[in-house]
Protein chains: 2
Amino acid sequence: MAVTLRDIARKARVHPSTVSRILQNNRTVKISEETRKRILAIARELDYQPNELARAFRLRKTQTIGLIIPDISNSFFSGISHSIEKQIYDAGYNLVVCNTNENLEKERKYVRNLMNRGIDGMIIATCQNDEKYFSDLKKKSLPFVLIDRFFANLATNCVFSDNKNSAFAAVEKLKNLGHRRIGFLRGRAQLSTIRLRLQGYLEAIRQFNLDDENELIAGDGFTVEEGYAATKSLLTLQNPPTALLTSGNRLVIGAMQAIKELQLKLPDDLSLIAYTDNLFTPYLACPLTTISHPLAEMGESAVNLLMQKISRPEDKTVVQIEVKTIFSVRESISACRPRMDE
Amino acid sequence: MAVTLRDIARKARVHPSTVSRILQNNRTVKISEETRKRILAIARELDYQPNELARAFRLRKTQTIGLIIPDISNSFFSGISHSIEKQIYDAGYNLVVCNTNENLEKERKYVRNLMNRGIDGMIIATCQNDEKYFSDLKKKSLPFVLIDRFFANLATNCVFSDNKNSAFAAVEKLKNLGHRRIGFLRGRAQLSTIRLRLQGYLEAIRQFNLDDENELIAGDGFTVEEGYAATKSLLTLQNPPTALLTSGNRLVIGAMQAIKELQLKLPDDLSLIAYTDNLFTPYLACPLTTISHPLAEMGESAVNLLMQKISRPEDKTVVQIEVKTIFSVRESISACRPRMDE
DNA sequence: ATCGTAAACGCAAACGATTGCCTCTTAACT
DNA sequence: AGTTAAGAGGCAATCGTTTGCGTTTACGAT
């Protein structure tokens, strides 16, 4: 059905290998300019489309990379994906997007699946908490780059952001506004990003001698609902925080829901700094002070790094790229004032 | 390097075809239970992973479908993608995501590319305005489903929403609130979705005898910036609209920016109904009245339909599925009151 | 002893493209 | 004339799986 090299060869009365060489523009073997023209004309005439599957099979190179992320509908990951796709496409690659929903098993299945399909590399925002998995993966010699989440003790290529410092800076900012009781809406405790943010939060709390209580830290999920529940629990404490640091695109939506429901006004009743990469934050009733990520840059770095590793498989050096988060001060934080009921 | 059927066969002293049959659980040829066990044990022992590339090549079936969308970072498409990925995965397929950025040429390249790679089907939110392209594509006998955007005159499988009726209903709602001068922030005029919304808008305007002026319709793009510019032009007319119908996830962000900048208060100074699928709209200063889409349902329908077409290629019937948009009345609309300066 | 037959498995082609190596022709050079 | 070399292109193997068709063996029936 589809036109193959053979069809062209038959029509041109040459050998398929000749056609292949011409179409690949392979110069190791000489082909006369005349035959070249002739073959190219016939190829065009027959509308020859190379069977990329056959090529990939033969060459062991699919021009495809896999992207493994927890949730494509989360603007953080969709933003990164957008950037990755652009870079990939320009380099002549295709992108297989794999959504794990933070499910360990699904992620592993996808990795195996991608490898069996012969992809050339992977970019992974992992939900694994098991270093060994990735130290094993490294041995398989398929290039990959971790993104956003990584393992401090494991030398893997990765692109991540300054979670610890940014959390520290956020708390410091709130301290400077007079807040001493700062809540942390955490997110999934096992993720490296969250752990680092927690570290930054705790270090600041301790360094500045702020209220250091376990009850000020809540949440261990990533959904809107979990953000809502955790925020509500924080804000209905006997002695609730006067400021909140929120982690995660989804969680912050839940947090806003809870804040609204409790009829608290930002920033008068509560100061809020949110880790979020949503576009709308500047246009809210009270524009949120945010810590956001340079999504395009992250995607670009990850792809560049991966392409490097793909093109030089013998180069085993590990590259770890840290990008700066963006601290945007808007109206959701203000000087701490005593509560009515105090 | 990788373990192949041959390796297993060699070790088990059988022919590769036997191993293949056992691993595929192909019952057309009898294999003794004993050999079966033995082979399976060896396969496990060697950690055999099938070369899916070779299988795909041989079987002409890649278990992969392509998704072509304008912008994965747009919550409308990322929401649909999320749903599609889920369905696809459950059916044992992989998803190649192709981002066109509303670029006609890139879309066409991607389609060709995907076909050369032997994907089993496509789901396309096209930016083509050329029916012929798709009538040609139909002839290639590769199953595809259009999503969101389609061609009224062309019998293609598709999943779309009730753009016309929803726009009509929105205008009617505004009329009932006393608005007579209703602006339409349009979006890319050539898209079927936009055209239909415009039709609904115009029909309502005429049926209810509202202000029918060309200057009330603005915008022909899809970016935040274009939404901002168009909104600003509408709201700074000599005789500006008292209500606005906004089309497109991105545009609405720009619209909010313009509204904010002009220091207009929703809904007192302006009523706003937006086509948007962003999660945040309920939590804005003034929660937006929206027309949104059942993204999960759309993705699911598209996949189901595509899978049907893939599994029964001989069935040439065309299925067109219309889903209902969701009209959520919130606080951004109110009764029309005369402007101060009138 | 012969035939039939079913069970169990082997054989080899095929999918389409690539590539190292070989062959043939022609022309230049000694 | 004979040698050499370059130019132009053919040959066939190969990538890993699948599958239609054969072949062998064993065993029961005649």
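Worth saying up front: this structure is predicted, and the values here are computed from it rather than measured. Here is the naming used below: chain letters follow the sequence lines, and residue numbers restart at 1 for every chain.
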### Query
For D/dT17, does either OP1 or OP2 sit under 4.0 Å from a side-chain N or O belonging to B/Gln24?
no
### Summary
Residue set satisfying salt bridge (Lys or Arg N to Asp or Glu O under 4.0 Å) with B/Lys61, at least two apart, ordered chain then number -> B/Asp120
Give every donor-acceptor pair under 3.5 Å between a side-chain atom in residues 40-47 of chain A and any protein atom, sequence neighbours left out.
from    : atom 1 : to      : atom 2 : distance (Å)
A/Glu45 : OE2    : A/Lys11 : NZ     : 3.0
A/Asp47 : OD1    : A/Gln49 : NE2    : 3.2

#### Entry: Between C/dG10 (C1') and B/Lys30 (NZ): distance, integer Å
18 Å
### Task
Please collect all salt bridge (charged side-chain N to carboxylate O under 4.0 Å, His left out) contacts where either partner lies in residues 71-83 of chain A, sequence neighbours excluded, each pair once.
A/Asp71-A/Arg250
### Message
When you measure from the side chain of B/His293 to the backbone of B/Leu295, do you find a donor-acceptor pair of N or O atoms at a distance under 3.5 Å?
### Response
no
### Message
If you take any heavy atom closer than 4.0 Å to DNA chain D, which residues from residues 32-52 of chain A end up in contact?
### Response
A/Ser32, A/Thr35
### Task
Scan B/Leu53 against the nucleic acid and name what it touches under 4.0 Å (heavy atoms): base, sugar-phosphate only, or nothing.
nothing
### Query
Does the ring of B/Phe57 lie flat against the base of C/dC15, closer than 5.5 Å centre to centre with planes under 30°?
yes
## Note on the structure
The bend of the helix from C/dA1-D/dT30 to C/dT30-D/dA1, taken between the axes of its five terminal pairs at each end and rounded to 10°, is 70°
### Message
Output the rounded distance in Å from CG (B/Leu5) to P (C/dG10).
### Response
13 Å
Table of protein N/O atoms under 3.5 Å from nucleotides 10-13 of chain D N/O atoms:
from   : atom 1 : to      : atom 2 : distance (Å)
D/dG10 : OP2    : A/His15 : N      : 2.7
D/dG10 : OP2    : A/Thr18 : OG1    : 2.5
D/dG10 : O6     : A/Arg21 : NH2    : 2.6
D/dC11 : N4     : A/Ser17 : OG     : 3.1
D/dC11 : N4     : A/Arg21 : NH2    : 3.4

### Query
According to the interplanar angle, ranging from 0 to 90°, do the rings of B/Phe134 and B/Phe144 count as parallel (below 30°), tilted (30 to 60°) or perpendicular (above 60°)?
tilted
### Query
Please give, in whole Å, the distance from D/dA6 P to A/Arg27 CZ?
18 Å
### Query
Between atom CG in B/Asp7 and atom P in D/dG16, what is the gap in whole Å?
9 Å
### Message
Mind checking if B/Ser20 touches a base, just sugar-phosphate, or nothing, with heavy atoms under 4.0 Å?
### Response
base
### Query
Is there a donor-acceptor pair closer than 3.5 Å between any side-chain N or O of B/Glu52 and the backbone N or O of A/Asn113?
no
#### Entry: salt bridge (Lys or Arg N to Asp or Glu O under 4.0 Å) assessment of A/Glu33 paired with A/Arg36
CA-CA 5 Å; A/Glu33 195 50 30; A/Arg36 168 180 309 276; 3.6 Å; yes
### Query
Per the side-chain contact (heavy atoms from CB on, under 4.5 Å) rule, which among B/Leu305, B/Asn157, B/Ile84 passes with B/Ile123?
B/Ile84
### Query
Any donor and acceptor pair, going by atom type alone, linking the side chain of A/Arg149 with main-chain N or O of A/Leu191 inside 3.5 Å?
no
#### Entry: Protein-nucleotide distance (B/Arg6, atom CZ; C/dC11, atom C1'), rounded to Å
12 Å
### Message
Expressed as a whole number of angstroms, how long is the span from A/Ile8:CD1 to C/dT18:C1'?
### Response
15 Å
